[in-house]
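Take a look at the structure below.
When reading the values below, keep in mind they use all heavy atoms of this one structure, side chains included, and skip hydrogens, waters and symmetry mates. Positions are given from 1 along the sequence.
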Amino acid sequence: AGDYPYSGALYLTYGKIVKSSKNEITNNYSIGVLGPKSFAAETQIFAHKLINYTRPEGWNTQIKSELLLNYGYKNEHRIYQYHDLLDVKTQTGLNIGTAQINTTIGAMLRIGKLNINSNDIDKQSLLNSSTLKPKLFFFVNPTITIIGYNGLLQGGISSRNRKLKSNTYSIPDQEISRVISKLSFG
């Protein structure tokens, strides 16, 4: 008890980012599989063998294979900008599906050479590298995520409504940390 379950996911994600002067909205859709059909066990065992490391034990306790379908939404909204030297953004996000259900709020402060109004990397700038303007900045990004469900820790959604095989290990609902704080900087 208390260990992270052996679990894996293999999926494809399609996403679209829409930008304006103040907002960057990301929508993405994921489809794949949780559990043994993700080949996570085979991948980790191969990697350990490749570097001559101890064979991982415990994959026989992973959750059953299940369909992974997820939708993700993220909005970054610029609330303050001082030239190309400083900007402050709020962040909101939502993930919902068979792999995870959570919501995130946060903020980001960036200070430095931002080149906010320059073209980011896109098809045209890839063809003409002289249009790329360098960016060099410091950022700090605190976030708080509220977890409703995590399929890699709790087993797939359909597993929760049926008897799991006796050797399957997942974390019970009452042991899941529901609020996760994170601070990124660089």
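The distance from the CG atom of D84 to the CG atom of N115 is 5.5 Å, given to the nearest 0.5 Å.
The hydrophobic clustering, which links ILVMFWY residues whose side-chain heavy atoms are closer than 4.5 Å, places Y82 and F138 together. Linking Ile, Leu, Val, Met, Phe, Trp and Tyr residues whenever their side-chain heavy atoms come within less than 4.5 Å leaves L114 and F185 in two separate clusters.
Judged by distance alone, with hydrogens and angles left aside, the side-chain atoms of S30 form no donor-acceptor pair with the main-chain N or O of N70 at under 3.5 Å. Not one N or O on the side chain of N27 forms a donor-acceptor pair closer than 3.5 Å with the backbone of G15. Under the 3.5 Å distance criterion, the side-chain polar atoms of R78 are left unmatched by any main-chain donor or acceptor of V88. At distances below 3.5 Å, not a single donor-acceptor pair connects side-chain atoms of T103 with backbone N or O atoms of I146. Distance alone, capped at 3.5 Å, is enough to place a donor-acceptor pair between the S7 side chain and the L152 backbone. Formation of a donor-acceptor pair under 3.5 Å by the Q44 side chain with backbone atoms of A40 is not found in this model.
The ring-ring contact (aromatic ring centres under 6.0 Å, His included) contacts involving residues 44-66 comprise Y6-W59, H48-Y53, where partners must be two or more places apart or lie in separate chains.
Between E24 and I17 there is a side-chain heavy-atom pair separated by less than 4.5 Å.
The side chain to side chain donor-acceptor pair (under 3.5 Å) search around N75 returns none, not counting sequence neighbours.
A salt bridge links E76 to K74: at least one charged side-chain nitrogen sits closer than 4.0 Å to a carboxylate oxygen.
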